[in-house]
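Whatever order the structure lists ligands and atoms in, that order sets their numbers, starting from 1.
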Amino acid sequence: METQTKTLLEVKNLNIEYAASNGTVHAVSDVSFTLGRGEILGLAGESGCGKSTLAYGLTRLLRPPALITGGEVLYYPREERARQTRLKEPVDILELSASQLRKFRWNEVSIVFQSAMNALNPVLTIGAQIDDVLRTHRPDMGSAARKSRAIELLDQVGISAERIKSYPHELSGGMRQRAVIAIALALSPELIVMDEPTTALDVVVQREILQLISKLCKEFSTALIFITHDLSLLLELSDSIAIMYAGKMIEKASSEAVYLHPRHPYSYGLLHSFPSLHGPQRRMVGIPGSPPDLRTLPSGCAFHPRCPFAFERCQTVEPVLQVAQAELPGQLVACHLYDQGEAPSSSDFAQKFESMSEGVSA
Ligand code: SF4
């Protein structure tokens with residue numbers, strides 16, 4: 001079936017909460033989206049919007065007090081993998097047993113965390129850490145084959161073979177991040193989740209790593225979920241972008257559509273809060289106010305206290321993710337401005353935001 005060949009991941013109505021003594025934190029609320037094979041999806045939003053919780057929820061890496069309270073995360077393995085692992089497709093990741101999950105991670109989905117120094121074991125060489133993954137998940141592989149695979153992986157991420165004996169502290173920040181990417185690629189997973197992998201790097205190294213990630217994903221048809229608070233990074237890297245606010249997905253569209261015509265007022269503000277890595281300079285406007293407390297969300301649209309377009313309905317009725325305009329079926333937005341199928345123009349966005357902000361030249 002068409003859907004089974006193209007769709008890799010289908011997230012349906014996912015809800016994740018943190019139980020806190022002073023109230024329940026609704027970190028991820030009713031999030032649904034699909035990810036195609038080989039697709040690069042950028043997940044953006046301010047700190048605390050739920051993007052990392054969403055990614056860790058998908059991969060079952062959350063620990064108490066986080067709790068998945070509802071939804072499905074359906075994964076469609078390739079036919080030969082489904083046969084090998086005896087998993088019936090689609091696999092609901094949330095239903096996997098502990099032993100199924102151990103096989104599933106690294107083989108199907110691997111994760112790259114924010115700080116490479118924390119992700120790597122400081123007392124093991126880079127080679128030993130790659131070998132560790134291969135030995136655990138490929139017990140039939142001999143030591144010579146594992147060493148050869150480790151060298152191949154290092155080469156793919158631009159690290160020379162002699163570095164196989166280096167310890168993490170002997171490598172630069174950029175090289176450590178490359179080594180972590182090599183480990184993530186070790187078992188040729190279908191999906192890699194990267195949580196702010198370039199945040200601690202300077203802009204030059206950051207750009208090199210982004211180019212490397214893009215090249216490798218294309219070369220191996222690996223799907224990627226790339227999380228960042230910096231929307232401008234995603235514009236070059238991603239096929240599509242999902243923007244989160246207060247635990248909800250409020251816009252999802254192709255990268256180009258988000259760059260040229262962001263539809264949600266928050267997406268517009270986020271896009272104009274960072275200087276562009278390339279292209280013409282644009283006026284930075286920022287977003288007034290701060291993100292809401294996830295224990296006591298505002299009524300209606302959670303963005304309404306900060307939104308320059310807010311009107312009466314926004315305070316009482318929560319908008320749902322829907323097609324922004326009939327002629328743009330791939331652009332989904334959760335905003336009442338589109339309830340009647342009409343959209344504000346780019347100059348409307350600029351005027352409204354600039355009237356709420358002093359403005360800073362990029
Ligand atoms: Fe602004 Fe209303 Fe749209 Fe929310 S629903 S983003 S408050 S216009």
Side-chain angles (χ1 to χ4, degrees), residues 13 15 25-33 42-51 54 229-232 234-235 240-255 257-274 282-359:
N13 310 106
N15 284 286
V25 176
H26 305 282
V28 172
S29 297
D30 207 21
V31 167
S32 301
F33 68 94
L43 209 49
E46 290 165 289
S47 298
C49 70
K51 53 192 189 304
L54 171 60
H229 61 281
D230 184 349
L231 185 51
S232 64
L234 298 178
L235 298 170
S240 53
I241 293 177
I243 297 171
M244 292 192 64
Y245 186 78
K248 290 186 180 291
M249 198 167 276
I250 51 96
E251 181 155 6
K252 183 169 186 283
S254 70
S255 186
V258 170
Y259 179 62
L260 295 175
H261 302 292
R263 298 293 169 184
H264 197 283
Y266 177 69
S267 308
Y268 179 90
L270 199 62
L271 189 63
H272 290 77
S273 298
F274 292 95
R282 60 171 179 249
R283 191 167 171 76
M284 289 168 65
V285 292
I287 306 171
S290 335
D293 183 337
L294 294 178
R295 288 165 304 181
T296 51
L297 287 172
S299 59
C301 172
F303 188 57
H304 86 253
R306 304 172 74 188
C307 179
F309 287 92
F311 53 103
E312 210 179 326
R313 182 172 165 76
C314 307
Q315 295 174 25
T316 52
V317 181
E318 193 178 328
V320 294
L321 201 63
Q322 60 185 342
V323 173
Q325 286 176 286
E327 58 272 27
L328 298 166
Q331 190 154 14
L332 305 176
V333 64
C335 172
H336 291 312
L337 291 175
Y338 303 88
D339 287 354
Q340 307 305 323
E342 289 169 17
S345 66
S346 301
S347 58
D348 290 337
F349 275 119
Q351 273 175 14
K352 288 274 190 184
F353 269 92
E354 281 177 29
S355 68
M356 286 185 79
S357 149
E358 285 180 13

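To the nearest 0.5 Å, atoms CE (M244) and NZ (K252) are separated by 13.0 Å. The distance from atom CG of L271 to atom CZ of F353, rounded to the nearest 0.5 Å, is 10.5 Å.
Residue M249 is tested with D30, I243, L43 for a side-chain contact (heavy atoms from CB on, under 4.5 Å); the sole match is L43.
The set of protein atoms (N, O or S) found at less than 2.8 Å from atom 1 (Fe) of ligand 1 reads C307 SG, by chain and number.
Between the side chain of S255 and the main chain of L235, a donor-acceptor pair closer than 3.5 Å is present.
Between F303 and H264, the angle of the ring planes lies from 30° to 60°, which puts this pair in the tilted group.
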Original post:
Does the pair N15 and V28 meet the rule for a side chain to side chain contact (heavy atoms under 4.5 Å, CB included), with working shown?
Top reply: CA-CA 5 Å; N15 284 286; V28 172; over 6 Å; no
